[in-house]
2 protein chains.
Amino acid sequence: MPVAQTEMPRHLQAQLADRGVRLTEQRRAILQVIETAKRHLDAGCILHLARRVNAAMARSTVYRTLHLLKHHGLIDELDLLHLEGECHYYERELEKEHIHMACLRCGKITEFVSELFHTLKNQLRRDCQYHLVVARLELGGYCSECRH
Amino acid sequence: MPVAQTEMPRHLQAQLADRGVRLTEQRRAILQVIETAKRHLDAGCILHLARRVNAAMARSTVYRTLHLLKHHGLIDELDLLHLEGECHYYERELEKEHIHMACLRCGKITEFVSELFHTLKNQLRRDCQYHLVVARLELGGYCSECRH
DNA sequence: TTAAGTGCAAATATTTTGCTGTCAC
DNA sequence: GTGACAGCAAAATATTTGCACTTAA
(Lines give C-alpha, C1' and ligand atoms only; values in the text may rest on other atoms or scores of the structure.)
Protein backbone atom coordinates (compact mmCIF):
# COMPACT_ATOMS: atom_id res chain seq x y z
CA MET A 1 0.00 0.00 0.00
CA PRO A 2 1.53 3.34 -1.01
CA VAL A 3 2.27 5.65 1.86
CA ALA A 4 1.78 9.42 1.66
CA GLN A 5 5.16 10.84 0.79
CA THR A 6 6.52 13.74 2.82
CA GLU A 7 8.30 16.28 0.65
CA MET A 8 11.88 15.16 0.16
CA PRO A 9 14.58 17.76 0.80
CA ARG A 10 15.87 18.93 -2.52
CA HIS A 11 18.32 21.48 -3.65
CA LEU A 12 17.17 24.93 -2.71
CA GLN A 13 18.05 25.82 -6.27
CA ALA A 14 15.47 23.40 -7.66
CA GLN A 15 12.84 24.58 -5.22
CA LEU A 16 13.37 28.19 -6.26
CA ALA A 17 13.31 27.28 -9.95
CA ASP A 18 9.95 25.54 -9.38
CA ARG A 19 8.58 28.79 -8.07
CA GLY A 20 9.76 30.71 -11.10
CA VAL A 21 12.41 32.63 -9.18
CA ARG A 22 15.26 33.87 -11.32
CA LEU A 23 18.55 32.13 -10.61
CA THR A 24 21.58 34.36 -10.72
CA GLU A 25 25.20 33.49 -10.17
CA GLN A 26 25.05 35.33 -6.82
CA ARG A 27 21.99 33.45 -5.62
CA ARG A 28 23.54 30.14 -6.56
CA ALA A 29 26.63 30.98 -4.54
CA ILE A 30 24.55 31.89 -1.48
CA LEU A 31 22.40 28.76 -1.78
CA GLN A 32 25.49 26.62 -1.98
CA VAL A 33 26.91 28.23 1.16
CA ILE A 34 23.69 27.61 3.08
CA GLU A 35 23.34 24.03 1.90
CA THR A 36 26.86 23.04 2.80
CA ALA A 37 27.01 24.92 6.11
CA LYS A 38 28.40 22.94 9.01
CA ARG A 39 27.30 25.44 11.63
CA HIS A 40 24.85 28.32 12.07
CA LEU A 41 25.76 31.22 9.83
CA ASP A 42 24.89 34.88 10.11
CA ALA A 43 24.69 37.27 7.17
CA GLY A 44 28.31 38.32 7.56
CA CYS A 45 29.57 34.72 7.46
CA ILE A 46 27.41 33.96 4.46
CA LEU A 47 28.85 36.97 2.65
CA HIS A 48 32.38 35.91 3.52
CA LEU A 49 31.88 32.35 2.32
CA ALA A 50 29.94 33.38 -0.77
CA ARG A 51 32.79 35.67 -1.80
CA ARG A 52 35.02 32.64 -2.14
CA VAL A 53 32.74 31.61 -4.98
CA ASN A 54 31.95 35.08 -6.30
CA ALA A 55 34.43 37.67 -5.11
CA ALA A 56 32.36 40.71 -6.13
CA MET A 57 29.31 39.72 -4.06
CA ALA A 58 27.69 42.70 -2.36
CA ARG A 59 26.49 42.60 1.22
CA SER A 60 23.07 43.84 0.16
CA THR A 61 22.70 40.91 -2.21
CA VAL A 62 23.13 38.57 0.74
CA TYR A 63 20.43 40.37 2.72
CA ARG A 64 18.08 40.49 -0.25
CA THR A 65 18.55 36.79 -0.95
CA LEU A 66 18.05 35.81 2.70
CA HIS A 67 14.84 37.83 2.69
CA LEU A 68 13.70 36.01 -0.43
CA LEU A 69 14.46 32.56 0.98
CA LYS A 70 12.80 33.36 4.28
CA HIS A 71 9.64 34.54 2.57
CA HIS A 72 9.53 31.38 0.51
CA GLY A 73 9.83 29.37 3.74
CA LEU A 74 13.05 27.71 2.56
CA ILE A 75 15.20 28.87 5.44
CA ASP A 76 14.57 29.56 9.11
CA GLU A 77 15.79 32.65 10.89
CA LEU A 78 17.16 32.10 14.38
CA ASP A 79 18.26 34.49 17.08
CA LEU A 80 20.07 31.97 19.27
CA LEU A 81 19.26 34.24 22.19
CA HIS A 82 21.52 37.00 20.82
CA LEU A 83 24.63 35.49 22.26
CA GLU A 84 26.92 37.23 19.79
CA GLY A 85 25.64 40.69 19.02
CA GLU A 86 22.20 41.10 17.54
CA CYS A 87 22.60 39.31 14.25
CA HIS A 88 20.41 36.52 12.98
CA TYR A 89 21.40 33.07 11.98
CA TYR A 90 20.03 31.09 9.11
CA GLU A 91 19.61 27.43 8.39
CA ARG A 92 17.92 25.38 5.83
CA GLU A 93 14.34 24.43 6.66
CA LEU A 94 14.32 20.72 7.42
CA GLU A 95 11.50 18.26 7.90
CA LYS A 96 12.55 17.29 11.37
CA GLU A 97 12.12 20.65 13.06
CA HIS A 98 14.47 21.06 15.95
CA ILE A 99 14.97 23.09 19.07
CA HIS A 100 18.10 25.17 19.65
CA MET A 101 19.74 25.24 23.05
CA ALA A 102 22.47 27.83 23.56
CA CYS A 103 25.06 27.84 26.31
CA LEU A 104 25.03 31.29 27.87
CA ARG A 105 28.70 31.04 28.78
CA CYS A 106 30.57 29.29 25.94
CA GLY A 107 28.04 29.91 23.18
CA LYS A 108 27.81 26.28 22.12
CA ILE A 109 24.59 25.44 20.28
CA THR A 110 22.99 22.04 20.71
CA GLU A 111 20.04 20.89 18.66
CA PHE A 112 17.25 18.68 19.91
CA VAL A 113 14.45 16.90 18.20
CA SER A 114 11.48 16.48 20.50
CA GLU A 115 8.31 14.53 19.83
CA LEU A 116 6.62 16.55 22.55
CA PHE A 117 7.47 19.83 20.77
CA HIS A 118 5.75 18.43 17.72
CA THR A 119 2.71 17.53 19.82
CA LEU A 120 2.69 20.99 21.39
CA LYS A 121 2.73 22.63 17.98
CA ASN A 122 -0.16 20.49 16.86
CA GLN A 123 -2.12 21.37 19.96
CA LEU A 124 -1.44 25.07 19.43
CA ARG A 125 -2.30 24.84 15.77
CA ARG A 126 -5.64 23.37 16.79
CA ASP A 127 -6.39 25.71 19.67
CA CYS A 128 -4.78 29.04 18.89
CA GLN A 129 -7.23 30.36 16.27
CA TYR A 130 -4.29 31.36 14.10
CA HIS A 131 -3.08 29.87 10.87
CA LEU A 132 0.30 28.89 12.31
CA VAL A 133 3.31 29.45 10.05
CA VAL A 134 6.45 29.54 12.19
CA ALA A 135 7.28 28.18 15.62
CA ARG A 136 10.60 29.11 17.12
CA LEU A 137 11.66 27.58 20.42
CA GLU A 138 15.03 28.75 21.70
CA LEU A 139 16.51 27.76 25.01
CA GLY A 140 19.34 29.23 27.03
CA GLY A 141 21.30 27.76 29.89
CA TYR A 142 24.67 26.37 30.88
CA CYS A 143 26.11 23.28 29.24
CA SER A 144 27.67 20.45 31.24
CA GLU A 145 31.16 21.93 30.88
CA CYS A 146 30.14 25.46 31.84
CA ARG A 147 27.81 25.02 34.75
CA HIS A 148 29.54 25.04 38.11
CA MET B 1 -0.84 21.43 56.35
CA PRO B 2 1.28 24.30 54.97
CA VAL B 3 1.85 24.21 51.26
CA ALA B 4 5.12 25.16 49.59
CA GLN B 5 4.71 28.77 48.61
CA THR B 6 5.67 29.82 45.10
CA GLU B 7 7.38 33.19 45.07
CA MET B 8 4.74 35.88 44.97
CA PRO B 9 5.17 38.62 42.41
CA ARG B 10 6.40 41.68 44.20
CA HIS B 11 7.47 45.07 43.13
CA LEU B 12 10.53 44.89 40.96
CA GLN B 13 11.84 47.65 43.18
CA ALA B 14 11.70 45.43 46.26
CA GLN B 15 13.31 42.54 44.42
CA LEU B 16 16.20 44.74 43.32
CA ALA B 17 16.63 46.17 46.80
CA ASP B 18 16.85 42.60 48.17
CA ARG B 19 19.77 42.02 45.87
CA GLY B 20 21.57 45.10 47.05
CA VAL B 21 21.09 46.95 43.78
CA ARG B 22 21.19 50.72 44.11
CA LEU B 23 17.86 52.37 43.44
CA THR B 24 18.03 55.62 41.57
CA GLU B 25 15.26 57.94 40.50
CA GLN B 26 15.81 56.83 36.91
CA ARG B 27 15.58 53.13 37.72
CA ARG B 28 12.41 53.67 39.71
CA ALA B 29 10.83 55.44 36.75
CA ILE B 30 11.76 52.59 34.38
CA LEU B 31 10.50 49.94 36.80
CA GLN B 32 7.21 51.75 37.16
CA VAL B 33 6.81 51.89 33.38
CA ILE B 34 7.47 48.16 33.03
CA GLU B 35 5.16 47.21 35.88
CA THR B 36 2.23 49.25 34.64
CA ALA B 37 2.67 48.39 30.94
CA LYS B 38 -0.49 47.36 29.16
CA ARG B 39 1.32 46.06 26.10
CA HIS B 40 4.76 44.90 25.00
CA LEU B 41 7.24 47.76 25.11
CA ASP B 42 10.53 48.21 23.32
CA ALA B 43 13.41 50.32 24.60
CA GLY B 44 12.20 53.40 22.70
CA CYS B 45 8.70 53.18 24.21
CA ILE B 46 10.13 52.67 27.67
CA LEU B 47 12.30 55.76 27.24
CA HIS B 48 9.33 57.78 26.03
CA LEU B 49 7.12 56.74 28.95
CA ALA B 50 9.88 57.07 31.53
CA ARG B 51 10.50 60.65 30.40
CA ARG B 52 7.01 61.55 31.55
CA VAL B 53 8.26 60.78 35.04
CA ASN B 54 11.82 61.98 34.61
CA ALA B 55 12.23 64.28 31.65
CA ALA B 56 16.03 64.18 31.54
CA MET B 57 16.24 60.38 31.23
CA ALA B 58 18.95 59.30 28.80
CA ARG B 59 18.45 56.54 26.26
CA SER B 60 21.57 54.79 27.51
CA THR B 61 20.14 54.62 31.01
CA VAL B 62 17.18 52.70 29.63
CA TYR B 63 19.45 50.21 27.89
CA ARG B 64 21.67 49.83 30.94
CA THR B 65 18.68 49.26 33.22
CA LEU B 66 17.10 46.73 30.86
CA HIS B 67 20.40 44.88 30.79
CA LEU B 68 20.49 44.86 34.57
CA LEU B 69 16.94 43.57 34.93
CA LYS B 70 17.47 40.91 32.31
CA HIS B 71 20.59 39.64 34.03
CA HIS B 72 18.74 39.47 37.31
CA GLY B 73 16.04 37.42 35.61
CA LEU B 74 13.37 39.99 36.47
CA ILE B 75 12.29 40.68 32.90
CA ASP B 76 12.10 38.61 29.74
CA GLU B 77 13.37 39.78 26.41
CA LEU B 78 11.17 38.94 23.43
CA ASP B 79 11.68 39.31 19.72
CA LEU B 80 8.07 38.81 18.67
CA LEU B 81 9.46 37.53 15.38
CA HIS B 82 10.85 40.96 14.48
CA LEU B 83 7.56 42.21 13.16
CA GLU B 84 8.49 45.85 13.68
CA GLY B 85 12.16 46.39 12.89
CA GLU B 86 14.73 44.53 14.90
CA CYS B 87 14.08 45.85 18.35
CA HIS B 88 13.37 43.79 21.43
CA TYR B 89 10.38 43.87 23.69
CA TYR B 90 10.39 43.49 27.41
CA GLU B 91 7.93 42.23 29.94
CA ARG B 92 7.98 41.42 33.57
CA GLU B 93 8.89 37.83 34.37
CA LEU B 94 5.73 36.13 35.59
CA GLU B 95 5.16 32.80 37.24
CA LYS B 96 2.80 31.56 34.58
CA GLU B 97 5.20 31.57 31.67
CA HIS B 98 3.41 32.15 28.42
CA ILE B 99 3.83 31.72 24.71
CA HIS B 100 3.66 34.66 22.31
CA MET B 101 1.83 34.32 19.03
CA ALA B 102 2.27 37.15 16.53
CA CYS B 103 0.06 37.83 13.54
CA LEU B 104 2.36 38.26 10.54
CA ARG B 105 -0.10 40.60 8.86
CA CYS B 106 -1.64 42.89 11.50
CA GLY B 107 1.02 42.49 14.17
CA LYS B 108 -1.40 41.55 16.92
CA ILE B 109 0.21 39.62 19.77
CA THR B 110 -1.76 36.93 21.57
CA GLU B 111 -0.49 35.20 24.68
CA PHE B 112 -1.14 31.58 25.58
CA VAL B 113 -0.54 29.58 28.67
CA SER B 114 0.02 25.92 27.87
CA GLU B 115 0.35 23.07 30.31
CA LEU B 116 2.05 21.08 27.57
CA PHE B 117 4.71 23.78 27.15
CA HIS B 118 5.43 23.45 30.85
CA THR B 119 5.73 19.68 30.46
CA LEU B 120 8.03 20.10 27.45
CA LYS B 121 10.30 22.40 29.42
CA ASN B 122 10.48 19.91 32.25
CA GLN B 123 11.31 17.12 29.84
CA LEU B 124 14.03 19.23 28.22
CA ARG B 125 15.37 20.27 31.59
CA ARG B 126 15.70 16.61 32.47
CA ASP B 127 17.12 15.41 29.17
CA CYS B 128 19.15 18.24 27.70
CA GLN B 129 22.26 18.06 29.90
CA TYR B 130 22.12 21.83 30.33
CA HIS B 131 21.20 23.86 33.34
CA LEU B 132 18.20 25.48 31.67
CA VAL B 133 17.69 29.19 32.36
CA VAL B 134 15.46 30.65 29.64
CA ALA B 135 12.94 29.12 27.28
CA ARG B 136 11.43 31.34 24.64
CA LEU B 137 8.70 30.03 22.37
CA GLU B 138 7.47 32.49 19.77
CA LEU B 139 4.94 31.66 17.11
CA GLY B 140 4.01 33.42 13.90
CA GLY B 141 0.96 33.04 11.74
CA TYR B 142 -2.22 34.73 10.64
CA CYS B 143 -4.96 35.59 13.10
CA SER B 144 -8.62 34.84 12.45
CA GLU B 145 -9.22 38.31 10.98
CA CYS B 146 -6.17 38.27 8.75
CA ARG B 147 -6.13 34.81 7.25
CA HIS B 148 -8.02 34.48 4.03
C1' DT C 1 32.94 59.35 51.31
C1' DT C 2 33.07 56.76 47.31
C1' DA C 3 31.77 53.23 44.26
C1' DA C 4 28.22 53.03 41.23
C1' DG C 5 25.08 55.39 38.13
C1' DT C 6 23.89 59.08 34.73
C1' DG C 7 23.89 62.12 30.57
C1' DC C 8 25.86 63.15 26.50
C1' DA C 9 27.93 62.35 22.27
C1' DA C 10 30.27 59.45 19.46
C1' DA C 11 30.97 54.78 17.99
C1' DT C 12 29.38 50.26 16.58
C1' DA C 13 26.60 46.74 14.52
C1' DT C 14 23.16 45.18 11.60
C1' DT C 15 20.10 45.82 8.02
C1' DT C 16 17.68 48.58 4.40
C1' DT C 17 17.26 51.60 0.51
C1' DG C 18 17.97 54.60 -3.83
C1' DC C 19 19.97 54.60 -7.90
C1' DT C 20 22.36 53.21 -11.99
C1' DG C 21 24.05 49.74 -14.72
C1' DT C 22 23.66 44.56 -15.90
C1' DC C 23 21.85 40.04 -16.83
C1' DA C 24 18.55 35.85 -16.91
C1' DC C 25 14.97 34.40 -19.31
C1' DG D 1 14.20 43.11 -25.21
C1' DT D 2 12.79 43.88 -20.65
C1' DG D 3 11.78 43.39 -16.02
C1' DA D 4 14.16 41.63 -12.29
C1' DC D 5 18.63 41.71 -10.04
C1' DA D 6 23.35 43.39 -8.51
C1' DG D 7 26.78 46.64 -6.80
C1' DC D 8 27.73 50.67 -4.43
C1' DA D 9 27.25 54.08 -1.12
C1' DA D 10 24.49 56.31 1.96
C1' DA D 11 20.79 56.04 5.30
C1' DA D 12 18.21 53.98 8.87
C1' DT D 13 17.74 51.50 13.03
C1' DA D 14 19.11 49.57 17.38
C1' DT D 15 22.41 49.33 20.80
C1' DT D 16 26.91 50.12 23.25
C1' DT D 17 30.71 52.72 25.07
C1' DG D 18 34.03 56.42 26.95
C1' DC D 19 34.22 59.98 29.85
C1' DA D 20 33.31 63.63 33.10
C1' DC D 21 29.83 64.80 36.46
C1' DT D 22 26.44 63.35 40.07
C1' DT D 23 24.31 60.67 43.65
C1' DA D 24 22.66 56.71 46.81
C1' DA D 25 23.98 54.32 50.61
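Chain letters run A, B, ... following the sequence lines, proteins first, then strands; residues in each count from 1.
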Protein-nucleotide distance ([X], atom [atom1]; [N], atom [atom2]), rounded to Å:
{"X": "Tyr90(B)", "N": "dA14(D)", "atom1": "OH", "atom2": "P", "answer": "11 Å"}
{"X": "Asp79(B)", "N": "dT14(C)", "atom1": "CG", "atom2": "C1'", "answer": "14 Å"}
{"X": "Gln13(A)", "N": "dC25(C)", "atom1": "CD", "atom2": "C1'", "answer": "15 Å"}
{"X": "Asn54(B)", "N": "dT6(C)", "atom1": "CG", "atom2": "P", "answer": "10 Å"}
{"X": "Glu84(B)", "N": "dT15(C)", "atom1": "CD", "atom2": "P", "answer": "17 Å"}
{"X": "Leu23(A)", "N": "dA4(D)", "atom1": "CG", "atom2": "C1'", "answer": "13 Å"}
{"X": "Leu80(B)", "N": "dA14(D)", "atom1": "CG", "atom2": "C1'", "answer": "16 Å"}
{"X": "Arg51(B)", "N": "dC8(C)", "atom1": "CZ", "atom2": "C1'", "answer": "11 Å"}

Within this structure, what is the [atom1]-[atom2] distance for the pair [X] and [Y], rounded to the nearest 0.5 Å?
{"X": "Leu120(A)", "Y": "Leu137(B)", "atom1": "CG", "atom2": "CG", "answer": "6.0 Å"}
{"X": "Thr110(B)", "Y": "His98(B)", "atom1": "OG1", "atom2": "NE2", "answer": "11.5 Å"}
{"X": "Leu116(A)", "Y": "Thr119(B)", "atom1": "CG", "atom2": "OG1", "answer": "6.5 Å"}
{"X": "Leu31(A)", "Y": "Thr65(A)", "atom1": "CG", "atom2": "OG1", "answer": "7.5 Å"}

For the residue pair Glu91(B) / His40(B), report whether a side-chain donor-acceptor contact shorter than 3.5 Å exists.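 A donor-acceptor contact under 3.5 Å links the two side chains.
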Closest approach to the side chain of [X], judged atom by atom: which nucleotide of [options] is it?
{"X": "Glu86(A)", "options": "dT15(D), dA6(D), dG3(D)", "answer": "dT15(D)"}
{"X": "Gln26(A)", "options": "dG7(D), dT15(D), dC25(C)", "answer": "dG7(D)"}
{"X": "Thr24(B)", "options": "dT6(C), dC25(C), dG7(D)", "answer": "dT6(C)"}

OP1 or OP2 of [N] under 4.0 Å from side-chain N/O of [X]:
{"X": "Ser60(A)", "N": "dA9(D)", "answer": "no"}
{"X": "His88(A)", "N": "dT14(C)", "answer": "no"}
{"X": "Tyr63(B)", "N": "dT15(D)", "answer": "yes"}
{"X": "Arg59(A)", "N": "dC8(D)", "answer": "no"}

Let me spell it out: for each of Ala56(B) and Arg22(B), pick the nucleotide of DNA chain C with the closest heavy atom. Which residue's pick is nearer the 5' end? Arg22(B)
Classify the ring geometry between His131(B) and Tyr142(A) as parallel (under 30°), tilted (30 to 60°) or perpendicular (over 60°). parallel
Select from Ala43(B) and Glu25(B) the residue whose nearest nucleotide in DNA chain D is closer to the 5' end of that strand.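 Nearest nucleotide further toward 5': that of Ala43(B).
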Taking for each residue the nucleotide of DNA chain D with the nearest heavy atom, is it Arg28(B) or Asp42(B) whose nucleotide lies nearer the 5' end?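 Result of the comparison: Asp42(B).
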Set out, in order, the CA-CA distance, both residues' side-chain angles and the distance that settles side-chain contact (heavy atoms from CB on, under 4.5 Å) for Thr61(A) and Leu47(A), then state yes or no. CA-CA 9 Å; Thr61(A) 300; Leu47(A) 175 64; over 6 Å; no
If you take atom types as modelled and just measure distance, does the side chain of Thr61(A) reach the base of dC5(D) with a donor-acceptor pair under 3.5 Å?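 Absent.
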Counting only Watson-Crick and G-U wobble pairs with both atom distances below 3.5 Å, the stems of 3 or more consecutive pairs that include DNA chain D are C:1-25 with D:1-25
Can you tell whether the side chains of Arg136(A) and Asp79(A) come within less than 4.0 Å, N to carboxylate O? yes
Would Tyr90(B) and Glu77(B) count as a side chain to side chain donor-acceptor pair (under 3.5 Å) here? Give the steps. CA-CA 5 Å; Tyr90(B) 299 89; Glu77(B) 184 179 68; 3.0 Å; yes
Could you check which residues of residues 64-75 of chain A get a heavy atom under 4.0 Å from DNA chain D? Sort them by number, please. Arg64(A)
Return the set of residues passing salt bridge (Lys or Arg N to Asp or Glu O under 4.0 Å) with Glu145(A) (not counting sequence neighbours), or none when no residue passes.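 Counting only residues at least two positions away or on another chain, Glu145(A) forms a salt bridge (Lys or Arg N to Asp or Glu O under 4.0 Å) with Lys108(A).
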